[in-house]
Amino acid sequence: MSLIDKTFSPADFEQRIYARWEAEGAFRPSRPDAQPFTIIIPPPNVTGSLHIGHALDNSLQDVLIRYHRLRGRDARWVVGTDHAGIATQMVVERQLAESTQGTTRQAMGRAAFLETVWDWKRTSGDTITRQLRRLGASCDWAHERFTMDDGFNIAVTRVFVQLYNEGLLYRDKRLVNWDPKLKTAISDLEVETREVAGTFTHIRYPLADGVTLASGADHIIVATTRPETMLGDTAVAVNAGDARYQSVIGKYVRLPITGRLIPIVADDHADPELGSGAVKITPAHDFNDFEVGKRHAMVPINIFDADARIIAADGIPADYVGMDRFDARKKVVADLDVLGLVALIEAKTIQMPYGDRSGVVVEPWLTDQWYVNAAELAKPAMEAVRSGATQFVPKTWEKTYFNWMENIQPWCVSRQLWWGHQIPAWYGPDGQCFVAESEADAQALAGNLALVRDEDVLDTWFSSALWPFATLGWPDDTADLARHYPGDVLVTGFDIIFFWVARMMMQGLHFMDGEVPFKTVYCHGLVRDAKGAKMSKSKGNTVDPLVLIDKYGADALRFTLTAMESQGRDIKLDEKRVEGYRNFATKLWNAARFCEANGIAASTSPVPPAAGHAVNRWIIGEVAATAAGLDAAIAAFRFDAYADTIYQFVWNRFCDWYLELTKPLLAEGGDAAVAAETRAVTGWALDQILVMLHPVMPFLTEELWHKLGQREGDLIVAAWPDAAALPTDATASADIEWLIGLISEVRSARMELNVPPGAKLGYSVEGASPVVVSRLAGHAAAIAWLARITPAPAPFGGTRLQLVHAEATYALPLEGVIDLAAERARLEKARAAAEKERDALAGRLNSPGFVEKAKPEAIEKARADHEARSAEAERLGAALARLG
RNA sequence: GGGCGCGUAGCUCAGCGGUAGAGCACUGCCUUCACACGGCAGGGGUCACAGGUUCAAACCCUGUCGCGCCCA
């Protein structure tokens, strides 16, 4: 047995312990007959590093995995990383730009660029997985996956081809959100709408052919936040019911600058209440206008290239061509102004779409892209949640899920990037499309046509959506799949319900014969700084979990995040909390040192030792209650309750009372049998603490587990206490609660009267029931040790400290130094409190309706409490009377 | 505009129908033979506001005010 060091220093053992667990395969012990418990990790970006959000997400998952592993289940935490298409490609491109050569991917070519990304993945790809190990995450590393490994590539291709053949995935020309910086299409979800200060430009469009409005005006005023798009206008729309414009429907306006004639059409999109009631229609660059254009069979006029620069479209003057969209905007307004056509420019807060990765304004742009029929796939995904096959925790997120799913749009899955799964589609010379799992298969479909493969790759989330089954070997029919699909719980942030959770639901149900990918989705909140601000690098308020781990230990960080996780609410992380839980770890460490120094060692059995002494019987019952509380917390996904329950037990019960109450029992000269029993029970209880705390503080508990004695195996695979099977003793419990109450009363009274802490006093007791008399005798040593009072029968009266506890009155002589006024004040205060409660209870008992309508337990309790408070008030009154 | 959530001790949060809780912070005492990253004791809350339901409301219902998030 090794001695427990005087100082608790987590850095000394955390990494050593983790390495041993991993080397021994402890994260996934062979349990072929056990019920599986499966969690799939939200795969972190392969080139990322661990941020505090990961720390939270993975701490919670590890708590669940370790708990169920301790409960004997075949716990498997499926792990791996995501290739993170756009994010990774951006990182590598930035590096290329900043490198000495200052090159670009276009200059390198696709093959060379991809080789560079793979190199980067190989060199930095294990950063995050190393950091997850520092956190203590007990993942199944032996089967680590990557969304671009060979097996995953097969799965992605299979899914793409099958969805295509089922008509659920198709190529279409429609407006997409185009990111002119990244030069790729992005999905609706990757667009974030921001409110920015902009302008609303009112433009006069001259009516052609001499027609006029009802007002006599020779022009129509339209207003726009994006004047440059007028170069691509194909119509002006007015509402059919708008009297102002009746006369011009079907007529034309002469579009300024371009000189084109465009029709005035009637369409409900034009709202008479808004602005002039007339709107310009640019089908190629506005989602609403695109729909208007379709209704009126207009041919959209695209005015931008991929960089959002003006192209030589119909009627656009040559001096505009090649101009950036924002420069073009200024020029359009200037040119219109020269023509006298700018009616008004007003400042206005406008909603602008931005690319979430690039941060530039997204352009609606007409291109050919691949789409998934999400609305169709969403049907079973919604039904699965409605039926309860998959449940969200907290339940409120189900509403969010339904709300989005019910309004789901076609999912644009093609990206004009290089890093990712290249789309398995080939084109013939005339654009004929062949979708197949391999070029050979495509060629077989195409016959003799020369084929060219689609250049684009798939949205990263397309592959992430397959994570719950592709990681388990799909499309092969594997044993892993049979055993671990569906997963038990998915733990993730609410912010990726749409991106990821919903899509896993859709793909999982579709490709796994209607089986959901997971039974429960636990959504946690965001980690914010201590003041509640969102953490961001630009604000400089980020907290690096590894810095906290270095400073306080991984266990303290894990405990903090677990304790602060109360069902989905955002976490405001204050380093003081981490410090506090490090102190808790230290407390337990020192308690274990104390045990070791007192000859208390590892217990040999999960069954509690036979115990006769009340304090020992009591602590065994307390362990049972704690285990039951922890079981309930896990069942309800109350991580905060889990942390709180074990914290209170360890510190406020085990350390503060049990270890203190048993000190006299272990003292020299005591009953050897009782001492032996106490050592055995203490060792057992400490073992149970280590087991019960292990899911949250795995390193510290494993270290102590071995320091306390020879073990057959590691704590990580030890046995969780069976709460229902542990003996509880109500009598012993009442006994010890009485004892704790008495000691607390005595201490409190001593403090209030400034009795020197070390002073030992005698006491007399009056009104003690036989039970109390026997308890006073039985616990005399503990009372002497902790309350510093010993029996010294003496007549009541005179200058004594008096206190009332459990219907008995105790009197402690103070050798004449008692401050009578202070003692009187103390007793008065206690009596007033007792009387106040007594009266409140009487009021309730006498109030009409209470006795007739309240629950019997409530009435019973009120009566008992009333009686106790009355008796207490009387005894305190008697004590006051004796003071004189 | 639609939806969701939150306003409880100085701070961060539990509690969600039967006498207001925790951690931190604060005050006092204690270098007592596990622990000063500690021990013991203590102060501090008209549970945002206004109505309603109930024998009983921090808790349920309605409304108001304030704050946050998501979607359009």
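As the structure is a computational prediction, the values presented were derived from the model and not from experiment. The chains referred to below are lettered A, B, ... by the order of the sequence lines, with proteins before strands, and numbering in each begins at 1.
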- Task: Take A:K861 and A:E195, find for each the nucleotide of RNA chain B with the closest heavy atom, and name the residue whose nucleotide sits nearer the 5' end.
- Result: A:K861
- Query: Mapping A:D656 and A:D644 onto RNA chain B by nearest heavy atom, which one lands closer to the 5' end?
  - Reply: A:D644
- Parallel, tilted or perpendicular: ring planes of A:F654 versus A:Y658, cut at 30 and 60 degrees: parallel
- Item | Quiz item: A:K587 side-chain donor-acceptor pair to B:C35 base, under 3.5 Å | yes
- Task: Output, in order, the C-alpha distance, side-chain angles, deciding distance and verdict of salt bridge (Lys or Arg N to Asp or Glu O under 4.0 Å) for A:R386 and A:E398.
- Result: CA-CA 9 Å; A:R386 260 185 223 111; A:E398 288 182 2; over 6 Å; no
- Spacing of the C1' atoms in B:U19 and B:C47 (rounded, Å): 15 Å
- Nearest-angstrom distance, P atom, B:A48 to B:G42: 28 Å
- Task: Can you tell me, in whole Å, how much space there is between the P of B:C61 and that of B:C71?
- Result: 27 Å
- Task: Can you tell me, in whole Å, how much space there is between the P of B:U12 and that of B:G7?
- Result: 12 Å
- Under 4.0 angstrom, heavy atoms only, what part of the nucleic acid is A:A597 near: base, sugar-phosphate, or nothing? nothing
- Item | Below 4.0 Å: OP1/OP2 of B:A34 and any side-chain N or O of A:K663 | yes
- Choosing from B:A34, B:C55, B:G5, which nucleotide comes nearest the side chain of A:T396? B:G5
- A:Y581 OH - B:U12 P separation (whole Å): 15 Å
- Nearest-Å distance once atom P is located in both B:U64 and B:C4: 15 Å
- Step by step, work out the salt bridge (Lys or Arg N to Asp or Glu O under 4.0 Å) result for A:K707 and A:E703. CA-CA 6 Å; A:K707 292 248 184 216; A:E703 177 73 357; 3.8 Å; yes
- Message: Once you apply a heavy-atom cut-off of 4.0 Å, does A:Q648 come out as touching a base, just sugar-phosphate, or nothing?
- Response: sugar-phosphate
- Out of B:U12, B:C55, B:G42, minimum distance to the side chain of A:R577 belongs to B:U12
- Query: What integer number of Å spans the P atoms of B:G15 and B:G21?
  - Reply: 15 Å
- Does A:K399 have a side-chain nitrogen or oxygen under 4.0 Å from the phosphate oxygens OP1 or OP2 of B:C4? yes
- Message: Side chain of A:F498, heavy atoms from C-beta onward: which of B:U19, B:G18, B:C71 has the nearest atom to it?
- Response: B:C71
- Message: Regarding A:E660, tell me which of base, sugar-phosphate or nothing describes its non-hydrogen contacts under 4.0 Å with the strands shown.
- Response: base
- Look at A:R569 and B:A14 and indicate whether a side-chain polar atom (N or O) is within less than 4.0 Å of OP1 or OP2. yes
- Just do the ring pair (Phe, Tyr, Trp, His ring centres under 6.0 Å) check on A:Y401 and A:W397 with the steps written out, would you? CA-CA 6 Å; A:Y401 173 85; A:W397 292 113; over 10 Å; no
- Where A:G553 and A:P10 come nearest, the two heavy atoms and their spacing: CA-CG, 3.8 Å
- With heavy atoms under 4.0 Å as the rule, sort A:R788 into base, sugar-phosphate or nothing. nothing
- Any idea which of B:C37, B:C29, B:A34 is nearest the A:C655 side chain? B:A34
- Message: Under 4.0 Å, counting only non-hydrogen atoms across every strand here, what does A:K853 touch: a base, just sugar-phosphate, or nothing?
- Response: base
- Query: Less than 4.5 Å apart, any side-chain heavy atom of A:Q351 and any of A:R194?
  - Reply: no
- Message: Just N and O in the side chain of A:T400: are any of them under 4.0 Å from OP1 or OP2 of B:G3?
- Response: no
- With the side chain defined as heavy atoms from C-beta on, A:K576 is closest, among B:C13, B:A41, B:C24, to B:C24
- Any idea which of B:G5, B:A34, B:A25 is nearest the A:L659 side chain? B:A34
- Task: Assign A:K551 to base, sugar-phosphate, or nothing according to its heavy-atom contacts below 4.0 angstrom with the strands shown.
- Result: nothing
- How far, in whole Å, is B:U54 from B:C16 if one measures between their C1' atoms? 16 Å
- Task: Show the numbers, then the answer: is there a side chain to side chain contact (heavy atoms under 4.5 Å, CB included) between A:I619 and A:L661?
- Result: CA-CA 11 Å; A:I619 199 67; A:L661 290 171; over 6 Å; no
- Item | Euclidean distance for P, B:U8 against B:A58 (whole angstrom) | 15 Å
- Message: What's A:C595 touching, base or sugar-phosphate or nothing? Going by heavy atoms closer than 4.0 Å.
- Response: nothing
- Item | Pair partner, B:G63 [Watson-Crick or wobble, under 3.5 Å] | B:C49
- Message: For A:F584, run the ring-ring contact (aromatic ring centres under 6.0 Å, His included) check against A:W589, A:F649, A:F8, A:Y647 and tell me which one passes.
- Response: A:Y647
- Looking across every strand, which nucleic acid part, if any, lies under 4.0 Å from A:A840 by heavy atom: base, sugar-phosphate, or nothing? nothing
- Task: Using a heavy-atom cut-off of under 4.0 Å over every strand shown, decide if A:K855 touches base, sugar-phosphate, or nothing.
- Result: base
- Query: Counting side-chain heavy atoms from CB outward, which of B:U12, B:U19, B:C29 is closest to A:K572?
  - Reply: B:U12
- Task: Assess whether ring pair (Phe, Tyr, Trp, His ring centres under 6.0 Å) is satisfied between A:Y522 and A:F639, documenting all intermediate values.
- Result: CA-CA 11 Å; A:Y522 182 82; A:F639 294 95; 5.2 Å; yes
- Across all strands shown, which nucleotide pairs with B:C69 by Watson-Crick or G-U wobble geometry, both distances under 3.5 Å? B:G3
- Return the minimal non-hydrogen interatomic distance between A:W657 and A:S744, and the atom names on each side. CZ2-OG, 3.8 Å
- May I ask you to say what A:N407 touches in the nucleic acid, namely base, sugar-phosphate or nothing, with a heavy-atom cut-off under 4.0 Å? nothing
- Task: Look at A:W651 and B:G39 and indicate whether a side-chain polar atom (N or O) is within less than 4.0 Å of OP1 or OP2.
- Result: yes
- Which of these nucleotides, B:C35, B:C55, B:U19, is closest to any side-chain atom of A:K6? B:C35
- Quick one: which of B:C40, B:G18, B:A34 gets closest to the side chain of A:A591? B:A34
- Message: Please determine whether any donor N or O and acceptor N or O are separated by less than 3.5 Å between the side chain of A:Q567 and the base of B:A14.
- Response: no
- Which one is paired to B:A36, where only Watson-Crick or G-U wobble pairs with both distances under 3.5 angstrom count? none
- Query: For RNA chain B, which residues in residues 679-688 of chain A have a heavy atom at a distance below 4.0 Å?
  - Reply: none
- Base-pairing assignment for B:U54 (Watson-Crick or G-U wobble, both under 3.5 Å): none
- With no angle test and no hydrogens, is the base of B:C40 tied to the side chain of A:R747 by a donor-acceptor pair under 3.5 Å? no
- Task: Report the nucleotide, chosen from B:C29, B:G18, B:G38, that has the shortest atom-to-atom distance to any side-chain atom of A:N583.
- Result: B:G38
- Message: Can you confirm whether A:L175 sits close enough to A:P364 that some side-chain heavy atom of one is under 4.5 Å from a side-chain heavy atom of the other?
- Response: yes
